[in-house]
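Take a look at the structure set out below.
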Amino acid sequence: MELTALESQFQELETPFYYYDIDLLRKTLVEVNKNIAGRPFQVHYAVKANVNTRLLVEIKNQGFGADCVSGNEVKRALEVGFPKEHIVFAGVGKTDKELQYGLENEIFAFNVESLQELQVLDELSGSMGKQSRYALRLNPNVDAGTHEYITTGKRDNKFGITFDEVREALPIIRELKNTSFIGIHFHIGSQISDISKFRDLCLKINDIHDFLAAEGFELPHINVGGGLGINYEDPINEPIPDFRTYFDLFERELKLRSGQTLHFELGRSLVGQCGSLISRVLYNKPGEGTNFLILDAGMTELLRPALYKAYHYVQNLSRVDNPSTYDVVGPICETSDAFARRIQLPESSRGDIIALRSTGAYAEVMSSRYNLREIAPSVFSDDLK
Ligand code: LLP
């Protein structure tokens, strides 16, 4: 349902809050499942994008696995009911306690990011009498063409190990007794809108895959991470990303061997568009060549604009006419607490409901209590009248 139709219901609620359109989430998940059906593809939802239990239950019910990056994310995934054999655990800095938690719960695999971590995993597995499984996260040195803070697959990024290091480490890898090498893992970045970057990734994977096969490693799993971008400029007309082109590309470009499964770790593309941050105009204030529209939501509820200069479509749900120029800002004592500068909005007044769109991913999870603000609640479409 278009958000403008909900304006009067939103007016009755205390703002700000995160609104989730469960129907859109379901449609998005169905679209993914339609495109992977009949292919040896498996999608693990990147839990870090949104850990809201209500969303996790929907995602689990549609058969997705969980990609976690902390012990607490693994715990949340297990609590919600993701099967342990569909949980993977990634991250450059897993503590011993977190590794032990994953081992105790016999999760499917660890995505290991350094040789030192691999040795620690092997030791801990041995001391706990467990046989664990791991995928090596490799750094393919591919530029994802996205914001530098969310680029992860270049040589100077902290993630994964280089192809040269893998070649040198093969003798060590062959010796480990308590953990089994089951796959290779990659993730080149997030909010990738140039799909050809994934082709660059596939070419690199094919090379290292051939090399490892020639060395005698038969790896049942290849994991290409996540990163598919969403349309922040026009969420109304493109609520569901083009999954077809995305999955077709991997089918075409990546050389899978028989019996292998291709894993994906999609976060933003599954949940990004189903969320909106709903706020109210507190004040109008004239500024230099602009007007400040001061909202009751700020960088504490949506950090992305302040952190990455990210754009979110701003929509006044209470009015449509008389466009005027605004800087849409939050109430926090920081100049970076601004959502949009010099944008056109219908002439807006105190009390109007403003939606900041596409906040299903990396908004609620990145919220903070800076300025001792309250944590904003969530409202779900199917709980409204
Ligand atoms: N797999 C790994 C290993 C990752 O590091 C990530 C995201 C994903 C999967 C999921 O990527 P996605 O499909 O969501 O692009 N806070 C930033 C995004 C950080 C992404 C971190 N890693 C933002 O607000 O844009």
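None of the values given here were measured: they were computed from a predicted structure. In each ligand, atom 1 is the first atom listed, and ligand 1 is the first ligand listed.
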Task: Heteroatom distance test (Arg137, ligand 1): nitrogen or oxygen, under 3.5 angstrom - done: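 So ligand 1 has no N or O lying under 3.5 Å from an N or O of Arg137.
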
Task: Nitrogen or oxygen of His185 less than 3.5 angstrom from that of ligand 1 - done: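 No; the residue has no nitrogen or oxygen that sits under 3.5 Å from a nitrogen or oxygen of the ligand.
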
Which atoms of ligand 1 are found less than 4.0 Å from any heavy atom of [X]?
X      : result
Leu266 : 13 (O)
Ser190 : 11 (O), 12 (P), 14 (O), 15 (O), 20 (C)
Gly267 : 12 (P), 13 (O), 14 (O)
Gly226 : 9 (C), 13 (O)

Open item on the list: Less than 3.5 Å apart, any donor N or O on the side chain of Glu364 or Asn52 sitting next to an acceptor on the other?
Closed with: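 Looking only at side-chain atoms, Asn52 and Glu364 do form a donor-acceptor pair, the distance falling under 3.5 Å.
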
TODO: Using the six-membered ring of Phe89, assess whether NZ or CZ of Lys94 lies under 6.0 Å from its centre and within 45 degrees of the ring axis.
DONE: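 Geometry flag: set, cation within 6.0 Å and 45°.
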
- [ ] Using side chain to side chain donor-acceptor pair (under 3.5 Å) as the criterion, list what pairs up with Asp327, not counting sequence neighbours.
- [x]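 Asp327 satisfies side chain to side chain donor-acceptor pair (under 3.5 Å) with Thr290, Arg342 only.
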
Heavy-atom donor-acceptor pair, [X] side chain to [Y] backbone, under 3.5 Å:
X      : Y      : value
Arg133 : Ile107 : yes
Ser196 : Arg199 : no
Asn231 : Glu238 : no

Open item on the list: Considering Arg268, Glu265, Met366 one by one, which has a heavy atom nearer to atom 25 (O) of ligand 1 than any of the others?
Closed with: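 Comparing heavy atoms across Arg268, Glu265, Met366, the nearest one to atom 25 (O) of ligand 1 lies in Arg268.
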
Task: Close approach, Gly227 and ligand 1, non-hydrogen under 4.0 angstrom - done: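 Flag set, Gly227 near ligand 1.
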
- [ ] Just let me know how Ala46 lines up against ligand 1, side chain, backbone, both or neither, with a heavy-atom cut-off below 4.0 Å.
- [x]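 Side chain only.
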
- [ ] With heavy atoms only and a cut-off of under 4.0 Å, state how Asp67 meets ligand 1: side chain, backbone, both or neither.
- [x]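 Side chain only.
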
- [ ] Under the salt bridge (Lys or Arg N to Asp or Glu O under 4.0 Å) rule, collect the residues that match up with Glu31, sequence neighbours excluded.
- [x]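 In terms of salt bridge (Lys or Arg N to Asp or Glu O under 4.0 Å), with neighbours along the sequence ignored, Glu31 is linked to Lys34.
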
